[in-house]
Chemist: 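I am attaching a structure below and will ask some questions about it afterwards.
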Number of protein chains: 2
Amino acid sequence: MDDIDRMLVGLLQEDATRSYAALGQAVGLSSGAAHERVRKLRERGVIRRTTIEVDQEALGRAVTAYVLVDGGSWMGDAGAALAAIPEVEEAHVIAGPASVLLKVRTAGTRELQDVLRRVFQVDGVTGTRTIVALETLFERTLK
Amino acid sequence: MDDIDRMLVGLLQEDATRSYAALGQAVGLSSGAAHERVRKLRERGVIRRTTIEVDQEALGRAVTAYVLVDGGSWMGDAGAALAAIPEVEEAHVIAGPASVLLKVRTAGTRELQDVLRRVFQVDGVTGTRTIVALETLFERTLK
DNA sequence: CGTGAAAGGGTCCCGGA
DNA sequence: TCCGGGACCCTTTCACG
């Protein structure tokens with residue numbers, strides 16, 4: 001995990017369609033060496049996978065909301081129960097004004113209401129507070 | 001934007017290294033036709049770009065936090081001012097207990113404190129409340 | 001851990017339906 | 001809009017430094 005590895009990760013975050021030849025040239029290595037480094041970054045799990053970034057609105061996901069979830073008994077795997085709700089994009093156990101914070105994306109407010117109902121049915125949940133995003137200023141990948 | 005397009009988007013979200021031949025086979029088209037559809041999805045902006053998913057901890061980003069930002073005058077482009085802080089991954093104007101919600105990733109709590117200081121210096125900001133993630137149950141791409 | 005080259009496969013652009 | 005073919009580039013591997 002040296003500076004060259006960090007450069008390769010940065011370049012691939014910007015555009016993962018770059019060829020190994022171009023990557024190598026950018027960091028001062030042959031295509032073979034660049035290929036080998038990227039292979040190892042994948043192997044070690046630094047690079048999890050290569051994906052596409054999708055415009056969620058174009059796919060009918062117009063509403064973004066954050067949900068603060070209250071409740072005490074997080075010993076049972078609430079994680080799995082929350083993961084079973086397809087509209088939940090993230091779930092974090094938090095320090096602060098609630099137990100868990102969710103990021104949720106739905107087609108509309110009606111569907112959001114439905115997701116909240118399902119969250120409420122998860123074991124140990126005693127309440128939810130929802131924060132709706134009116135406008136997303138930006139969502140980006142770091143560095 | 002028909003069912004085939006949606007399938008192609010789903011397949012590429014899972015693994016963007018798939019060949020057009022494999023994509024075509026999966027949706028019942030030739031490699032050329034699959035290529036053409038994906039090209040148009042990019043052109044229309046449904047597919048924004050192809051990237052890699054990086055293990056943030058492996059890159060020295062151990063702390064994830066959400067910051068509720070208070071303040072009234074969001075006419076000046078606070079968006080640009082917030083985007084100038086590299087540790088801010090997302091920024092949303094919200095309805096609820098604050099004006100803006102940020103997602104922030106830093107190496108440690110010391111760096112988080114530094115980010116909060118810079119957020120406070122943005123025009124119109126009157127206060128912040130920070131929610132630190134103790135454990136991330138999951139972060140995934142939808143569908 | 002790096003290079004350079006060779007073989008196989010994929011991308012990408014056609015003419016035609 | 002899709003198919004099939006072909007030229008070209010890239011990936012992937014390997015012997016060697």
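None of these values were measured; they are calculated from a predicted model. So you know, we letter chains A, B, ... as the sequences are listed, proteins then strands, and number each from 1.
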Chemist: Whole-Å distance between dG15(C) C1' and Glu36(B) CD?
Modeler: 15 Å
Chemist: With a 4.0 Å cut-off on N to O distance, would you call Arg118(B) and Asp114(B) a salt bridge?
Modeler: yes
Chemist: To the nearest Å, give me how far apart CD (Gln25(A)) and P (dT11(D)) are.
Modeler: 13 Å
Chemist: Using whole Å, report how far CD1 of Ile4(A) lies from C1' of dC1(C).
Modeler: 11 Å
Chemist: Rounded to whole angstroms, how far apart are CZ on Arg37(A) and C1' on dT12(D)?
Modeler: 18 Å
Chemist: Do the charged groups of Arg105(A) and Glu89(A) touch, with an N to O distance under 4.0 Å?
Modeler: yes
Chemist: Enumerate the protein-to-nucleotides 10-12 of chain C contacts in which both atoms are nitrogen or oxygen and the separation is below 3.5 Å.
Modeler:
unit_1, atom_1, unit_2, atom_2, d
dT11(C), OP1, Tyr20(B), N, 3.3
dT11(C), OP2, Tyr20(B), N, 2.9
dC12(C), OP2, His35(B), NE2, 2.9

Chemist: Can a donor-acceptor pair be found between the side chains of Arg117(B) and Thr128(B) at a distance below 3.5 Å?
Modeler: no
Chemist: Can we say Glu36(B) and Arg39(B) salt-bridge, meaning some charged N sits less than 4.0 Å from an Asp/Glu carboxylate O?
Modeler: yes
Chemist: Any luck finding a side-chain donor-acceptor pair between Thr141(A) and Arg49(B) under 3.5 Å?
Modeler: yes
Chemist: If you compare all heavy atoms of His92(B) against all heavy atoms of Glu139(A), which two are closest, and at what distance to 0.1 Å?
Modeler: CE1-OE2, 3.7 Å
Chemist: When all nucleic acid strands are considered with a 4.0 Å heavy-atom cut-off, which category describes Arg39(A): base, sugar-phosphate, or nothing?
Modeler: nothing
